[in-house]
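Quick note on labels: first sequence line is chain A, next is B, and so on, each numbered from 1.
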2 protein chains.
Amino acid sequence: MKKLTEKQKKVFEFIKDYIAENRYPPTIKEIMDHFSFFSPTAVVSYLNALEKKGYIKRDKGKARGIILKEYFLNIPVIGRIPAGTPKIEEENFEEFISVSKEIFGEGDIFSLIVKGDSMKDAGIFDGDYIIVKKDVEIKNGDIVVIFYNGEYTVKYFYKRKNFIELKPANPSYNSIIIKESPLITGKVIGLLRKIK
Amino acid sequence: MKKLTEKQKKVFEFIKDYIAENRYPPTIKEIMDHFSFFSPTAVVSYLNALEKKGYIKRDKGKARGIILKEYFLNIPVIGRIPAGTPKIEEENFEEFISVSKEIFGEGDIFSLIVKGDSMKDAGIFDGDYIIVKKDVEIKNGDIVVIFYNGEYTVKYFYKRKNFIELKPANPSYNSIIIKESPLITGKVIGLLRKIK
DNA sequence: TTTCACACTGTAAATAATTATACTGTAAAT
DNA sequence: ATTTACAGTATAATTATTTACAGTGTGAAA
């Protein structure tokens, strides 16, 4: 991404701050007033520069049509998965986790609430929100969400010679060994925890 | 919070979806068009109902001045704290973590990136983003961020009879015992992890 | 070293388009 | 009896765009 000049940076920062405070973008006039410009054209030239350099996108003709490129990913949280429900597609989530795109990237991402302590040595505890990405290549050692025996579980994934090992991160539990190709829902790419 | 009628809910959902998609709120006309209303008054009556019931706030007179009440908390991420810098006030953060307010609540909250494995048995790993809240009461057993010996560290907090124990969650490390009252920066209320 | 293009940073003024509000009225549902 | 759920119309306010003009600095070419 191209570098901004000092003043461009200031304008960009103002837009960010404005959105953080007001939850909607500023108008050209509001930016103009804030910087004590005497003409909206001054602002427009900044917005053009910011857009050209890839920092914002503009919805032309629309009021407050300034969109920050570096922005958020809304992750739907599937609170309770009724055991035996293989479709997370049209889920009835109530919550969203919104995170800067830099954190988890983009893609088909959702969140599950972990039950149990079978992954505790991997730092995944009961009640944690795991961030799961669909449609990614699974490599040995990855933590995956699989649909197995009518339930969703989180395990380490290992492809062995003649079988697949789904290994918990807790010595109290045994690995699950399966012959057939498991129904992998996604790869765990992140975690979010609330601590009381 | 008062319950919404079916149609009010639909309008509210539309506003939420619109914002998720466009990053700025819809105009009255856009809502009107979406629901094929023939008059903006229809929309206004819905917005009034939503505001009265506490679901939105309106910035009167401003274009797209619809604000969702249930919204996000922007947590500044302080990437690297130069050892020996006791002020996190005017920090030079680059990142924000934006989370639904339901997750971590509200308040003076920031995030630090964990270095080291001294809290690994608490499920806090190297590279994790811990969510820290200032100005909260610290109780025994809480995980806290303290400024000690020119550095920030994360430890369990225990107030003993004649001293304070700052205990790591890793048998390889020893507790820090201090007599004087430590400079507690905040309490760890959450965690966010990226998994490669 | 000078010149020239070009990006950056603006002023000024007019216009077009978008957007919100206010008032009046109707009718069904709770 | 009040809330909910609209239509219709008019107007005010907000907001974006466009065109024209100009100074400053920077880097490259001559």
Which pairs of donor and acceptor atoms, one on a side chain in residues 60-67 of chain A, lie under 3.5 Å apart (sequence neighbours left out)?
| from | atom 1 | to | atom 2 | distance (Å) |
| --- | --- | --- | --- | --- |
| A:Arg64 | NE | B:Ala63 | O | 2.6 |
| A:Arg64 | NH1 | A:Tyr18 | OH | 3.3 |
| A:Arg64 | NH1 | A:Pro25 | O | 3.0 |
| A:Arg64 | NH1 | A:Glu30 | OE1 | 2.9 |
| A:Arg64 | NH2 | A:Glu30 | OE2 | 3.4 |

Nucleotide D:dT2, atom C1' - distance to CG of B:Asn48 in whole Å: 16 Å
Length of the OH-C1' vector between B:Tyr46 and D:dA5, whole Å: 5 Å
Listed partners of A:Lys7 passing side-chain hydrogen bond (donor to acceptor under 3.5 Å, both in side chains), at least two apart: none
Euclidean distance, atom CD of residue B:Gln8 to atom P of C:dT30 [Å, nearest integer]: 12 Å
Plane angle bin for B:Phe37 and B:Phe35 - parallel if under 30°, tilted between 30 and 60°, otherwise perpendicular: parallel
Distance-only donor-acceptor check, side chains A:Asn140 and A:Tyr156, under 3.5 Å: no
Rounded distance in Å - CZ (B:Phe38) to C1' (D:dA10): 19 Å
Listed partners of A:Glu6 passing salt bridge (charged side-chain N to carboxylate O under 4.0 Å, His left out), at least two apart: none
DNA chain C stem ranges, 3 or more consecutive Watson-Crick or G-U pairs under 3.5 angstrom: C:1-30 with D:1-30
Sugar-phosphate, base or nothing in reach of B:Lys52, heavy atoms under 4.0 Å: nothing
Under 4.0 Å protein heavy-atom contact, by nucleotide of nucleotides 16-25 of chain C - B base, S sugar-phosphate only: --SSSBBB--
Interatomic distance, A:Leu47 CG vs D:dT15 P [rounded to whole Å]: 15 Å
A:Asp117 and A:Tyr173: CA distance, side-chain angles, deciding distance, side-chain hydrogen bond (donor to acceptor under 3.5 Å, both in side chains) verdict: CA-CA 9 Å; A:Asp117 61 348; A:Tyr173 294 85; 2.8 Å; yes
Between A:Tyr152 and A:Phe147, ring centroids under 6.0 Å: yes
Atom pair distance, as rounded to whole Å: CD in B:Glu6 and P in D:dT4: 14 Å
Gap between atoms CG and P, on A:Asp33 and D:dT15 respectively (whole Å): 10 Å
Along DNA chain C (nearest heavy atom to each residue), the more 5'-positioned of A:Lys53 and A:Ser36: A:Lys53
Salt-bridge criterion met for B:Asp135 and B:Lys133 (N-O under 4.0 Å): no
Sugar-phosphate, base or nothing in reach of A:Thr5, heavy atoms under 4.0 Å: sugar-phosphate
Contacts of type side-chain hydrogen bond (donor to acceptor under 3.5 Å, both in side chains), residue A:Ser172, not counting sequence neighbours: A:Asn170
Interatomic distance where CZ belongs to A:Phe37 and C1' belongs to D:dA22 [whole Å]: 16 Å
